[in-house]
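For reference, the structure is listed below as structure tokens.
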Amino acid sequence: MSTASSASTSMRTHMCGSPRETDIGQRVTLCGWVARRREHGEHLAFVDLRDHTGIVQCVLNSDVDVRSEYVVRVSGVVRERPDGTRNDALPTGAVEIGECEVEILRSATPPPFPIDERADSVDENVRLQYRYLDLRRTRMQRNLRIRSAVNAAVRRSMESQGFVEVETPMLVPSTPEGAREFLVPSRKEKGSFYALPQSPQLFKQLLMVGGVDRYYQIARCLRDEDLRADRQYEFMQLDLEMSFVGQDDVLDAVGRSVLDAAEAVTGERPPEIERMTWHEAMDRYGSDKPDLRFGLELVDLGDVFSATEFKAFASASTIKGIRVPGAAAEYGRGQLDRLTERAKQAGAKGLVWLKVGDGGELESPVAKFLSPEECAGLAKELEAESGDLLLLVADEWSVACEVLGTLRNDLGRPPVHQGPYRYVWVVEFPLFVGVDPVSGRPRPGHHPFTRPHPDDVDLIESDPLAVRSIAYDLVLNGWELGSGSIRIHEPELQQRVFNALGIGPEEAARKFGFFLRPFDYGAPPHGGFAYGLDRLIAILAGEENIREVIAYPKTQSGTDPMTESPLPADPAQLAELGLRVLPSVDGDRS
RNA sequence: GGUCCCGUGGUGAAGUCUGGAGUUCACGCCGGCCUGUCAAGCCGGAGGUCGCGGGUUCAAGUCCCGUCGGGACCGCCA
């Protein structure tokens, strides 16, 4: 993140953050914004001059009228500050610029909020409305530069690993599966539309058919789905695809680029990324994106209750629990009711809570239904101690895991940017997830071209939901950074998967022919991955919202307060595109 | 589509539960004083449709209904 090469221009000799004691005596010319002025009458004023590198104090002995955020050019001499006036809070605080001549390059209206850390508490809508002022702040400058450093490191990493950057189109055909797309009307072919790419998936796999061998792209992706702290309409992915590889090859390449990026930002290379199967992640953490920074692991209690008389437990295939250390006292009836409500929202029929008393006895509405052996076994398995709160869910395995995983995150999860970085590969995702309520057929877990695990191929017809896939996710501090898979490159296997999805050969040809026909000309075995750069950058920058690492993000409702987009289209523009806007269903009140 | 939180001079907050004059605090802004400050200090001043609309009331920032905007989350994101 060097700024040295950009320091000197025809208008300046140094950056505001650079003057040091070693520069004393030098004549310098600086350009920047007036961060603050401190006037002491007509013949002495201090002006703090700011650019993205920092702040330096300029001493003015004239009465030139400079105010907040004026853009000025200052020529003067670097000199030592008088005894007792050094400012240890500033890197430049040992020196000041004296004998200043000031040229006002542009006067400025007072900004709506202070251009410093106090703006962190300003309404985000106001920050976004004046984003260009927000961007002047140290925090935003730092985030933009971290972003640039990550992009550069990722590019270097991919290039050094023999990947070739290929740009894929932004105007693409609409595809039937996946996220809602943004549509772009065609002017020449009225009534026809392009879509903006939700990912370069189709094109990158065809690059493998095209013999590129190793492709990557820092790709913009667009999805018309609701926005969140970790989701924007448009976002950046490091997208890659490799030929003649297995899972380990892909994980190794992706892992290197992520660790290279992390090292470029933090100066420290994280340890090798650990691996966990999807089943283990669900079983121990109740999530396919487990946050490994904290405990509260799920414990199986099936053995304890194998012969229970308690109906709610006897009828369930899985009984699991978590232990919340020392939480018994702080959770009153109201909070426990809220936890129960949360569990039900997450899909549970109910939530059993037990408090561990001083003598190890269990206090709970259901205690009377449990035998002494069950109470003892439960306390033993959960390693319960006095004052703990125990939460139990009995249901089918997936529900019990997901519900407790939700509670685990609610109760223990730190903000995403806090604590150590815990990367983890989650591998062996199921090929199919759940069942489509309409067709009764399984739904693809990743996408329909994902390669089944070789050990499970024979289960595709007999027990599809048990089939694992060669699909994998990369998770950091409980955020899904990205996902990928080894693809199917043979037509026979592809049709078996389609059959399981209820897609016959004719429908497959109709829906996916444009994609699969090229494979007949010789598709190599291949696989790939894509991870969200905004998310990675946010976490590396210590931000919990990706808007903070995007120069011009959208609000949660998809608007931009600065440009006021989206805006109604000009009727002439619509006519040229052959479009007409229908009146809104609930009536136009304007 | 749903749940929850927020909206008060340019900015941040208090006031809303328990209705009584646009009240308060800090920052910023404008003017004056000030030759070593550094979120300078001191004195003075300006600045408001309490998001918007309706209702209840003698009286609404405060209570009720609706609506708009922002945020967190669920759904959604193959």
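Throughout, a chain's letter reflects where its sequence line sits, starting with A, and its residues are numbered from 1.
The partner of B/U67, taking Watson-Crick or G-U wobble pairs whose two distances both stay under 3.5 Å, is B/G51. In this entry B/C58 has B/G20 as its Watson-Crick or G-U wobble partner, both defining distances falling under 3.5 Å. Here B/G10 sits opposite B/C27 as a Watson-Crick or G-U wobble pair (both hydrogen-bonding atom distances under 3.5 Å). Across all strands shown, B/A46 remains unpaired; no Watson-Crick or G-U wobble contact has both distances below 3.5 Å. For B/C77, there is no paired nucleotide, since no Watson-Crick or G-U wobble pair has both relevant distances below 3.5 Å. With a cut-off of 3.5 Å on both Watson-Crick or G-U wobble distances, the partner of B/C34 is given as none. The pairing partner recorded for B/A72 is B/U3, the criterion being a Watson-Crick or G-U wobble arrangement whose two distances lie under 3.5 angstrom.
For the C1' atom pair drawn from B/C50 and B/A14, the interatomic distance equals 13 Å after rounding to whole Å. Comparing the P positions of B/A59 and B/C76 gives an interatomic distance of 50 Å, to the nearest angstrom. Nucleotides B/U11 and B/C74, compared at atom P, are 31 Å apart to the nearest Å. If you take atom C1' in B/U24 and the same atom in B/G47, they sit 16 Å apart, rounded to whole Å. Taking the P atom of each, B/G44 and B/C4 are spaced 49 Å apart, rounded to whole Å. B/A21 and B/U62: their C1' atoms are spaced 15 Å apart (whole Å). Taking atom P on both B/C43 and B/C25, the two are 14 Å apart, rounded to the nearest angstrom. For the P atoms, the distance linking B/G51 with B/A13 amounts to 14 Å, nearest Å.
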*asked:* Let's go through A/Arg79 and A/Glu96 carefully: what are the C-alpha distance in whole Å and the side-chain angles of both, what is the deciding distance for salt bridge (charged side-chain N to carboxylate O under 4.0 Å, His left out) to 0.1 Å, and is it a yes or a no?
replied: CA-CA 6 Å; A/Arg79 66 188 188 198; A/Glu96 62 189 12; 3.1 Å; yes
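Looking at A/Val77 and A/Ile97, their side chains never come closer than 4.5 Å, going by heavy atoms from C-beta outward. In this structure the side chain of A/Lys554 reaches within 4.5 angstrom of the side chain of A/Glu234, judged on heavy atoms.
Among the protein residues, A/Arg81 comes within range of the nucleic acid bases, having at least one heavy atom under 4.0 Å from a base atom. If you check every strand for non-hydrogen atoms under 4.0 Å, A/Arg338 touches nothing. Among the protein residues, A/Thr450 comes within range of no part of the nucleic acid, since none of its heavy atoms lies under 4.0 Å from any strand. Across all strands shown, A/Pro114 has no heavy atoms under 4.0 Å from either base or sugar-phosphate atoms. At a threshold of 4.0 angstrom between heavy atoms, the contacts of A/Ala229 are confined to the sugar-phosphate backbone, with no base atom among them. The residue A/Asn125 sits close only to the backbone: its heavy atoms come under 4.0 Å of sugar-phosphate atoms, none of a base. A/Arg443 comes within 4.0 angstrom of no nucleic acid atom, judged by non-hydrogen atoms across all strands. A/Asn545 comes within 4.0 angstrom of the backbone, heavy atoms only, and of no base. Contacts of A/Gly93 with the nucleic acid, taken as non-hydrogen atoms under 4.0 Å apart, are absent. Using a 4.0 Å heavy-atom cutoff across all strands shown, A/Thr175 reaches no nucleic acid atom at all. A/Arg67 comes within contact range of the sugar-phosphate backbone alone, with a heavy-atom separation under 4.0 Å but no base atom that close. Residue-level contact check: A/Thr85 touches the bases, meaning some heavy atom is under 4.0 Å from a base atom. At the heavy-atom level, A/Glu96 lies under 4.0 Å from base atoms of the strands shown. Residue A/Glu39 is in base contact, counting any heavy-atom pair closer than 4.0 Å across all strands shown.
Expressed to the nearest 0.5 Å, how far CD of A/Glu225 lies from OH of A/Tyr233 amounts to 9.5 Å.
Side-chain atoms of A/Glu42 stay outside donor-acceptor range of the base of B/U35, with no qualifying N/O pair under 3.5 Å. Judged by atom type and distance alone, A/Arg86 does not reach the base of B/G36 through any side-chain donor-acceptor pair under 3.5 Å. For A/Arg36 against B/C38, a side-chain-to-base donor-acceptor contact under 3.5 Å is absent. The base of B/G71 has none of its N or O atoms less than 3.5 Å from a complementary donor or acceptor on the side chain of A/Asp123. Judged by atom type and distance alone, A/Arg231 reaches the base of B/C76 through a side-chain donor-acceptor pair under 3.5 Å.
Taking the ring centroids of A/Trp479 and A/Tyr531, they lie at or beyond the 6.0 Å cut-off.
Across the protein-nucleic acid pair, A/Arg127 atom CZ and B/G71 atom C1' stand 13 Å apart, rounded to whole Å. B/A39 atom C1' lies 14 Å from atom CZ of A/Arg37, rounded to whole Å. Atom CD in A/Glu234 sits roughly 16 Å away from atom C1' in B/C77 (whole-Å rounding).
For the OP1/OP2 pair of B/U35 and a distance below 4.0 Å, the side-chain nitrogens and oxygens of A/Arg38 include no atom meeting the criterion.
Between the side chain of A/Asn477 and the main chain of A/Val416, a donor-acceptor pair closer than 3.5 Å is present.
A/Pro566 and A/Gly558 make their closest contact through CD-O, 3.9 Å (heavy atoms, listed as atom of the first residue, atom of the second, distance).
Closest-nucleotide positions on RNA chain B for A/Arg223 and A/Glu117 were compared, and the one nearer the 5' end corresponds to A/Glu117.
A ring pair (Phe, Tyr, Trp, His ring centres under 6.0 Å) with A/His526 holds for exactly one of A/Phe519, A/Tyr215, A/Phe449; it is A/Phe519.
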